[in-house]
Chemist: 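My questions will all concern the structure given below.
Letters go in sequence order (proteins before strands), and every chain restarts at 1. Quick caveat: nothing in here was measured; it's all calculated off a predicted structure.
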Number of protein chains: 2
Amino acid sequence: MSDVSEAPKSAKSGRKSGAATIYDIARLAGVNPSTVSRALNKPGRVSAATEARIRKAAAELNFHENPLARALPTGRTNTIAAVVADMTNPVVFNTVRGAENAAARYGFTLIVAESQESGSIEAATADRVAPFVDGIILATTRLPDEHILRLAERKPVVMINRAAGNLVNIAPDVAPGIDQLVEHLASLGHRSIAYLGGPDRSWISARRWEALFKAARLRGISVFEIGPNSPTIAAGKLSFERAQASGASAIVAYNDLLALGLIRAAREQGVSVPDDISVAGFDDIFGADFVSPSLTTVRADLLEAGTRAVESLMGDIGVDVIARPEASLSTTLMVRESTAHMRR
Amino acid sequence: MSDVSEAPKSAKSGRKSGAATIYDIARLAGVNPSTVSRALNKPGRVSAATEARIRKAAAELNFHENPLARALPTGRTNTIAAVVADMTNPVVFNTVRGAENAAARYGFTLIVAESQESGSIEAATADRVAPFVDGIILATTRLPDEHILRLAERKPVVMINRAAGNLVNIAPDVAPGIDQLVEHLASLGHRSIAYLGGPDRSWISARRWEALFKAARLRGISVFEIGPNSPTIAAGKLSFERAQASGASAIVAYNDLLALGLIRAAREQGVSVPDDISVAGFDDIFGADFVSPSLTTVRADLLEAGTRAVESLMGDIGVDVIARPEASLSTTLMVRESTAHMRR
DNA sequence: CCATCGTTGGCAACCGATTGACAAACGGGG
DNA sequence: CCCCGTTTGTCAATCGGTTGCCAACGATGG
């Protein structure tokens with residue numbers, strides 16, 4: 001009741017959105033604008049009394065600093081961007097979530113820009129957000145390497161599950177999970193594994209194939225690749241015939257979507273999973289545990305991947321990285337219903 | 001060979017990211033910076049010859065305008081934000097996609113900020129992106145009304161599936177889909193429907209309940225609400241017992257997650273869906289078509305909702321809205337396996 | 001040949017902060 | 001009482017664009 005002043009003030013001061021500036025505060029507190037700036041951001045630079053007076057004035061005016069104006073002289077926006085091809089992809093959004101939490105810990109805001117379309121739109125999107133942010137997390141397959149490298153000249157860039165030049169690449173170590181998977185399949189009696197490959201030039205698909213190959217050879221299990229395939233349910237359905245024709249008793253798909261498509265096609269053809277054929281995927285996507293049969297899959301700690309990506313950027317930007325217990329960026333097998341003992 | 005000057009120039013001019021400015025261009029083209037600005041943004045304001053010279057210089061320096069610097073005097077960033085509680089939610093990300101495409105058509109960039117945590121973090125996130133953008137799309141349930149209204153004083157705001165004050169609310173019309181659903185259930189012989197309600201104060205859950213109530217009464221079917229429930233699979237499982245105890249032969253859940261949880265609990269209890277009980281949901285989320293039994297659900301054109309949201313913002317911001325054929329923001333029923341004729 | 005007019009480009013102020021350099025104020029020691 | 005070293009606050013330049021206002025210019029018409 002006592003100070004009705006607040007409401008009218010906020011209305012009159014600003015020209016466009018009623019935003020108070022440090023000048024308004026300075027006038028109200030009877031100091032110089034630069035003093036306001038220091039009081040608000042440089043602890044100890046101004047006396048406690050003045051600072052209190054300024055903070056009070058700021059609160060009274062409902063002051064929100066304008067990050068644009070701050071960014072101009074400092075070159076820092078305290079914002080990082082994640083440019084992703086497809087937010088629907090569980091791998092992507094879990095990584096983004098990890099990144100978001102981590103960014104918040106550093107006082108940074110994470111913004112996400114998605115561009116499902118062509119690589120060229122993706123490039124435009126990346127260029128567009130670049131000037132706004134202090135660093136960029138790239139989780140995209142379509143953007144050409146050369147463009148990424150040019151982007152990296154302007155801002156710190158870290159990639160997820162992809163290598164380009166010698167940029168930082170955050171990728172879970174697939175070997176442990178794949179070892180477990182092959183061991184699991186071997187213990188069920190499988191002697192022949194087919195790998196349903198991912199997209200043509202996918203870096204991560206190549207890594208999975210390599211690890212699978214190595215783990216299978218080690219145990220004397222025969223292994224071969226079928227592909228490339230797009231990482232979709234539809235492509236999984238289409239590849240069923242080739243997979244079946246291969247004679248392998250276990251199919252390891254590049255990701256869960258492919259695996260799900262495969263299982264659906266099998267069911268439509270009257271082939272039983274896991275009785276006739278075992279199927280496993282990667283990523284442990286939403287739904288993998290409640291489809292029927294539920295899906296055996298190799299999962300990674302994607303939240304941790306997002307966190308690492310942010311920490312890497314913080315290092316590049318020049319922010320002190322918060323020490324924390326070293327979590328492993330590894331993979332583990334989730335055994336579910338889609339893999340079983342060979343029947344034949 | 002003739003001008004080796006370029007490489008050293010880009011290196012020396014910028015302090016941090018070697019970014020060329022309009023001043024660099026001005027020097028190279030032999031004009032005033034303001035002329036550069038006009039040449040680049042004010043068609044016809046400078047002579048064709050000068051403009052060509054300037055554009056050439058800009059290209060030569062690989063110039064990217066700094067949107068931050070531009071935003072300061074103009075107050076426009078050509079960016080809008082979507083603040084969402086949970087990107088995983090299919091309703092949310094489909095809306096976001098629609099919004100993204102629409103924004104691109106207007107030359108705007110859409111950034112997404114997610115905050116899965118408490119309402120207070122959500123509020124902080126919203127405040128944080130607000131100064132960066134020209135408008136905000138809000139798809140969140142947790143943010144308190146009062147905070148939204150304060151936000152709306154600073155920037156144009158449009159809401160998705162929620163009413164607050166008299167802000168614009170983009171919400172699909174649930175009536176058509178629900179009419180179809182009730183008609184469908186009636187034709188299968190169901191005479192009693194239970195509605196598994198959503199979160200306590202959810203605006204959209206209330207709308208669904210109202211429409212369901214109306215449609216059921218119209219056909220003389222008995223109908224009642226069970227709830228509130230959180231919109232999760234876990235909550236769906238928990239509510240199975242109450243749903244079964246109610247004696248209703250058909251359960252309509254507030255959303256697909258609840259419906260899925262319900263079905264899983266039923267299976268665990270040895271109750272068959274759809275033989276013993278029919279279940280339907282809302283949203284047609286990812287996976288609804290490949291779970292077993294696949295889920296009957298009411299879907300909305302969420303891409304269109306996102307588009308509308310953007311158009312509404314464009315109107316507020318003062319951008320001419322592109323005319324386009326009026327698509328309907330309606331809902332339709334997807335009939336799948338989880339609803340069937342009554343057995344008893 | 002001069003007055004007038006429309007076009008084109010330059011000058012300088014401004015958006016809202018940050019920050020280096022410096023001056024005023026202050027307290028303490030000799 | 002004066003000198004000196006620290007705080008504490010002020011001045012002014014700066015980040016990279018935008019834009020109102022004005023001047024120079026060439027063309028045109030009387």
Side-chain angles (χ1 to χ4, degrees), chain A residues 13-55 57-58 61-79 130-132 134 154 318, chain B residues 10 13-55 57-58 61-79 130-132 134 154:
Chain A
S13 79
R15 53 189 75 261
K16 37 201 58 181
S17 357
T21 74
I22 57 169
Y23 295 87
D24 299 326
I25 299 179
R27 211 176 315 124
L28 189 63
V31 296
N32 190 284
S34 57
T35 304
V36 175
S37 172
R38 283 194 259 260
L40 264 26
N41 318 307
K42 299 271 151 80
R45 181 63 176 72
V46 302
S47 70
T50 321
E51 179 174 338
R53 195 151 36 93
I54 289 174
R55 289 204 180 280
L61 291 171
N62 188 25
F63 172 73
H64 285 264
E65 72 162 15
N66 183 335
L68 262 49
R70 155 181 282 194
L72 200 42
T74 61
R76 276 267 299 273
T77 60
N78 278 23
T79 303
F132 276 111
D134 298 334
R154 302 204 283 140
Chain B
S10 73
S13 79
R15 52 191 74 262
K16 35 206 60 180
S17 0
T21 72
I22 57 168
Y23 294 87
D24 299 326
I25 299 179
R27 210 176 316 124
L28 188 64
V31 296
N32 189 283
S34 59
T35 306
V36 175
S37 172
R38 282 194 266 257
L40 264 26
N41 318 306
K42 299 271 154 81
R45 181 60 175 74
V46 304
S47 71
T50 321
E51 179 175 339
R53 194 151 37 93
I54 289 175
R55 288 203 180 280
L61 292 171
N62 188 24
F63 172 74
H64 285 264
E65 73 161 15
N66 183 334
L68 261 51
R70 158 184 284 200
L72 201 42
T74 60
R76 275 269 299 271
T77 60
N78 278 22
T79 303
F132 276 111
D134 297 336
R154 302 205 282 142

Chemist: Starting from C1' on D:dG16, measure out to CZ on A:R154 and report it in whole angstrom.
Modeler: 15 Å

Chemist: Testing the 3.5 Å rule here: is there a donor-acceptor pair between the side chains of B:R70 and B:N41?
Modeler: yes

Chemist: Please give, in whole Å, the distance from C:dG16 C1' to A:R27 CZ?
Modeler: 13 Å

Chemist: Roughly, in whole Å, what's the span from CZ in A:R76 to C1' in C:dA17?
Modeler: 15 Å

Chemist: What does A:V36 touch in the nucleic acid at a heavy-atom separation under 4.0 angstrom: a base, only the sugar-phosphate, or nothing?
Modeler: nothing

Chemist: Side chain of B:S34: nearest nucleotide among D:dT18, C:dA17, C:dC11?
Modeler: C:dC11

Chemist: Can you work out whether B:S37 or A:R53 has the more 5'-proximal nearest nucleotide on DNA chain D?
Modeler: A:R53

Chemist: Mind calculating the distance between CD1 (B:I54) and C1' (C:dT8) to the nearest angstrom?
Modeler: 11 Å

Chemist: Judged by each residue's nearest nucleotide on DNA chain D, which is more toward the 5′ side, A:A48 or A:Y23?
Modeler: A:A48

Chemist: Measure the distance from CG on B:L40 to P on D:dG17 and round it to the nearest whole Å.
Modeler: 9 Å

Chemist: Between A:S47 and D:dG9, does any side-chain N or O lie under 4.0 Å from OP1 or OP2?
Modeler: yes

Chemist: Between the axis at one end of the helix from C:dC1-D:dG30 to C:dG30-D:dC1 and the axis at the other (five pairs apiece), what's the angle to 10 degrees?
Modeler: 60°

Chemist: Taking all heavy atoms of B:D134 and all of B:G75, pick out the closest pair and write down the distance.
Modeler: OD1-O, 3.8 Å

Chemist: Which pair of non-hydrogen atoms, one from A:T77 and one from A:F132, has the smallest distance, and what is that distance?
Modeler: OG1-O, 2.8 Å

Chemist: Roughly how far, to the nearest 0.5 Å, is the CZ atom of B:R53 from the OG atom of B:S47?
Modeler: 7.5 Å

Chemist: Identify the two heavy atoms, one from B:A130 and one from B:R154, that lie closest to each other, and give their separation to 0.1 Å.
Modeler: CB-NH2, 4.0 Å

Chemist: What nucleotide among D:dC21, D:dG16, C:dT18 has an atom nearest to a side-chain atom of B:A69?
Modeler: D:dG16

Chemist: So which nucleotide from D:dC11, D:dT18, D:dG16 ends up closest to the side chain of B:N66?
Modeler: D:dG16

Chemist: Just the rounded figure in Å: distance from C1' of C:dG16 to NE2 of A:H64.
Modeler: 16 Å

Chemist: Any idea which of C:dG9, D:dG16, C:dC11 is nearest the B:V46 side chain?
Modeler: C:dG9

Chemist: Taking only the side-chain nitrogens and oxygens of A:K42, find out if one of them lies under 4.0 Å from OP1 or OP2 of C:dT18.
Modeler: no

Chemist: From the options D:dC21, D:dC11, C:dG16, select the nucleotide whose nearest atom is closest to the side chain of A:R38.
Modeler: D:dC11

Chemist: Of all heavy-atom pairs between B:A20 and B:F63, which one has the smallest distance, and what is that distance?
Modeler: O-CD1, 3.2 Å

Chemist: Return the nearest nucleotide to the side chain of B:T50; candidates are D:dT18, C:dT8, C:dG16.
Modeler: C:dT8

Chemist: DNA chain C: B:G30 or A:T35, which has the more 5' nearest nucleotide?
Modeler: B:G30

Chemist: Of the nucleotides D:dT19, C:dA17, C:dT8, which has the atom closest to the B:R45 side chain?
Modeler: C:dT8

Chemist: Using OP1 and OP2 only, check whether a side-chain N or O of B:R70 sits under 4.0 Å from D:dT18.
Modeler: yes

Chemist: Figure out the CD1/C1' separation between B:I22 and C:dA12, and round it to whole Å.
Modeler: 13 Å

Chemist: Supply the atom-to-atom distance B:N32 CG to B:R38 CZ, rounded to the nearest 0.5 angstrom.
Modeler: 8.0 Å

Chemist: Within this structure, what is the CG-CD1 distance for the pair B:N66 and B:I22, rounded to the nearest 0.5 Å?
Modeler: 10.5 Å

Chemist: What is the distance, rounded to the nearest whole Å, between atom CG of B:L72 and atom P of C:dC15?
Modeler: 9 Å

Chemist: Does the side chain of B:T74 get closer than 4.0 angstrom to OP1 or OP2 of D:dT18 through an N or O atom?
Modeler: no

